[in-house]
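Please read these numbers as outputs of a predicted model, since none were measured by experiment.
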Amino acid sequence: MPKVTVLLTSYNHEEFIADSIESILNQTYTDFELYIVDDCSMDNSWEVIQKYNDPRIIAIHHEKNMFGCSNREFYKNFKGQYFAMAHCDDLWELDKLEKQVKYLDEHPEAGACFSWVQLIDDYGNNYDNPDHPYTKVFLEENMNRFEWLNHFFYNGNRLCHPSSLIRLNIQMNENLFPGGLGALPDFYRWIKLCLKHEIYVYPERLTKFRIHVDESNMSGQTPTNRIRVHNEFYQIAKLYGLIQDQSEFLKVFPEANEYVVDGKMNVDYALAQIMLHRTSIKGFHFYAMNKLIELLHDDKVKKELEILYGFTKRDVCAISGKLDVFHVIDDNEYLETSLFYKNNENFSEANKINKNTVMMNNHFIVSFDLDHKKVSQLRFDPTEGKYISLKNLSITIDGKRIENYTILQYYEIDEDWYDIYSLDPSILIDLKESKEVCKVIIEADIKYIEHVKLLNYENKVAELRKM
């Protein structure tokens, strides 16, 4: 019986598949079986595979594309104690299996052993582009499983599938088969693995992972994958929701101590709040919002949340009215407004309040709380990076309408609209003297300057520069 089962997946990489096969067959550790599964490649991959006669090879050709072979029934054929995944465009260093098998043999507490990774390009050269997101991703130091879960939560996947060697009984018993996931299947596996088992990353680059110039990797930075990732993070969120023991949850999220009140904590509530306030992932936000709504369906939990956190239906309704997970509001309708305030000093980032607001029917209203600060001047920035027109500007400070304001950039007036020709429009509000300010409310009609006006303005500037 072979000690290791290697699964090499093949699809449309005839130029790489031979090197991948040979990097496995030439391993210094030889006690393995090698399944090579060609998923109905449209090139000559299958012909290349058939040239190999090594008795350790079990070659399988799909007559139609099955989108991979990661299903539980197929894995039941494997005879190995350990399981390794390989991809037809990646390579292994020749001592990869030897070092990883030795580690797992000597450390029964570890569920899997991974390795550091060397990125390579389409020609097999080391790929060291510092701007690529994978450059340092697969070079992590070792942690315990709780630290890994925290690291995954905030940083995403940090383990490379073709670098892994997993105990096959854990692969099967923990059901590490993320059916339906196209962008985050490996990430899903590793989180599920770390919910119960320790892992180890061998601190050598034993795996070579190929980065294709067209980003055609399954995890490539394409628009489709970017959308898919956010949708699939909802499934990742559900895995974290399985951690229900308070002490274990606090080992994963030490920052959740703020949600412990008199020794008690509602773990679901704490996870939801962490997802809402410490991440920007829409899939996490959607899970958190729905979990909070679900918690309030239970009268006992509802009472507990009110006692521990003062959290009520009103709070969850405020969240569901703010989280635009379905992109109901178009990006162009959001305004990133800012209010700067000063007394004797200059305007600075330290004395600034940011507020995201929405323009509805070409109108916005935004309120800033200054909490009795001494102020002599204010500067309001309606948005950044967009050319805007304003009309019917109204500024109210502590209930009193202010008429003394100045648009700081060049503008033209067109039928009461102030066309402001700047990507950083600002309005100066001079209070004439220093005074305590509590609340500033600003509203106006707003629209974006038409392209033809911008073109005319640019032409006008160009003509002036010629004089």
Side-chain angles (χ1 to χ4, degrees), residues 143-157 173-181 184 187-197 229-329 356 358 369:
M143 303 173 244
N144 66 45
R145 68 183 185 90
F146 304 110
E147 292 168 328
W148 271 115
L149 288 169
N150 183 280
H151 195 59
F152 289 147
F153 185 86
Y154 291 112
N155 300 290
N157 187 18
N173 294 341
E174 303 303 341
N175 197 23
L176 304 181
F177 300 97
L181 299 188
L184 303 177
F187 190 34
Y188 183 94
R189 286 185 184 94
W190 313 146
I191 293 170
K192 205 168 186 184
L193 178 64
C194 288
L195 287 174
K196 294 184 181 178
H197 303 278
V229 162
H230 274 279
N231 287 329
E232 293 184 4
F233 258 107
Y234 180 75
Q235 302 302 321
I236 301 298
K238 289 198 288 187
L239 290 181
Y240 281 96
L242 297 174
I243 308 170
Q244 289 293 303
D245 180 78
Q246 178 172 321
S247 63
E248 185 165 306
F249 184 83
L250 287 171
K251 289 178 184 176
V252 176
F253 297 107
E255 62 273 27
N257 267 302
E258 65 176 291
Y259 300 108
V260 178
V261 180
D262 296 328
K264 297 179 181 178
M265 176 178 68
N266 184 290
V267 169
D268 288 319
Y269 175 86
L271 178 61
Q273 293 297 336
I274 289 171
M275 286 181 172
L276 289 172
H277 299 296
R278 292 176 180 258
T279 78
S280 59
I281 299 168
K282 294 183 185 297
F284 279 0
H285 293 170
F286 186 60
Y287 173 87
M289 177 182 67
N290 282 284
K291 177 56 68 173
L292 292 172
I293 293 172
E294 179 185 306
L295 291 175
L296 293 183
H297 288 170
D298 184 312
D299 288 340
K300 183 179 178 182
V301 177
K302 179 181 176 182
K303 185 175 181 181
E304 178 187 52
L305 295 184
E306 186 167 5
I307 292 172
L308 289 177
Y309 311 112
F311 188 82
T312 67
K313 177 183 175 181
R314 182 186 297 274
D315 297 300
V316 81
C317 286
I319 293 169
S320 64
K322 256 200 258 183
L323 279 181
D324 190 8
V325 291
F326 294 109
H327 210 72
V328 175
I329 308 299
N356 287 331
V358 177
D369 292 312

Once you round to the nearest 0.5 Å, how far does CG of L176 lie from OH of Y188? 9.0 Å
Does any non-hydrogen side-chain atom of V301 lie less than 4.5 Å from one of Y269? no
d(L292 CG, C317 SG) to nearest 0.5 Å is 11.5 Å
Closest heavy-atom contact between F249 and A270? CE2-CB, 3.9 Å
In terms of ring plane angle, is the pair W148 and H151 parallel, tilted or perpendicular, where the classes change at 30° and 60°? perpendicular
Do the side chains of E255 and Y154 get nearer than 4.5 Å, heavy atoms only? yes
What distance do L184 atom CG and H230 atom NE2 have between them, rounded to the nearest 0.5 Å? 10.0 Å
Any donor-acceptor N/O pair, D315 side chain to T312 backbone, under 3.5 Å: yes
Which atoms form the tightest heavy-atom contact between Y309 and M265, and what is the distance? OH-CA, 3.5 Å
Give a yes or no on whether D262 atom CG has more than 12 heavy-atom contacts from other residues, nucleotides or ligands under 6.0 Å away. no
Should E294 and K291 count as an ion pair when the cut-off is N to O under 4.0 Å? yes
F326-F286 aromatic ring centre distance below 6.0 Å: yes
Got a sec, which residues hit side-chain hydrogen bond (donor to acceptor under 3.5 Å, both in side chains) with S247, two or more places apart in sequence or on another chain? D245
Grab the two heavy atoms, one from D268 and one from Q244, that are nearest each other, plus how far apart they are. OD1-NE2, 3.0 Å
Could you walk me through whether F153 and T279 pass the side-chain contact (heavy atoms from CB on, under 4.5 Å) check? CA-CA 9 Å; F153 185 86; T279 78; 3.5 Å; yes
Check against side-chain contact (heavy atoms from CB on, under 4.5 Å), N266 and L305: CA-CA 8 Å; N266 184 290; L305 295 184; 3.9 Å; yes
Holding to salt bridge (Lys or Arg N to Asp or Glu O under 4.0 Å), I want the full list of residues that pass it with K313, two or more places apart in sequence or in another chain. none
Hey, does L250 have a side-chain heavy atom less than 4.5 Å from the side chain of V260? yes
Test side-chain contact (heavy atoms from CB on, under 4.5 Å) on Q235 and L181; report intermediate values, then the result. CA-CA 9 Å; Q235 302 302 321; L181 299 188; 3.9 Å; yes
NZ/K302 to CD/E306 distance, rounded to the nearest 0.5 angstrom? 8.0 Å
Centres of the Y240 and Y287 rings: under 6.0 Å? no
For a quick test of reading the model, state the closest non-hydrogen atom pair linking A288 to A272 and the distance between them. CB-O, 3.4 Å
Residues forming a side-chain hydrogen bond (donor to acceptor under 3.5 Å, both in side chains) with K282, sequence neighbours excluded: none
If you compare all heavy atoms of L239 against all heavy atoms of K192, which two are closest, and at what distance to 0.1 Å? CD1-N, 4.1 Å
To the nearest 0.5 Å, how far apart are CG in L149 and CD in E248? 8.0 Å
Determine whether L323 and L276 satisfy the following criterion, side-chain contact (heavy atoms from CB on, under 4.5 Å), listing intermediate values before the conclusion. CA-CA 9 Å; L323 279 181; L276 289 172; 3.5 Å; yes
Measuring from F233:CZ to I281:CD1, what's the distance to the nearest 0.5 Å? 4.0 Å
Does the pair E174/K196 count as a salt bridge with the N-to-O cut at 4.0 Å? yes
Note: V252 and N150 closest approach over all heavy atoms is O-ND2, 2.8 Å
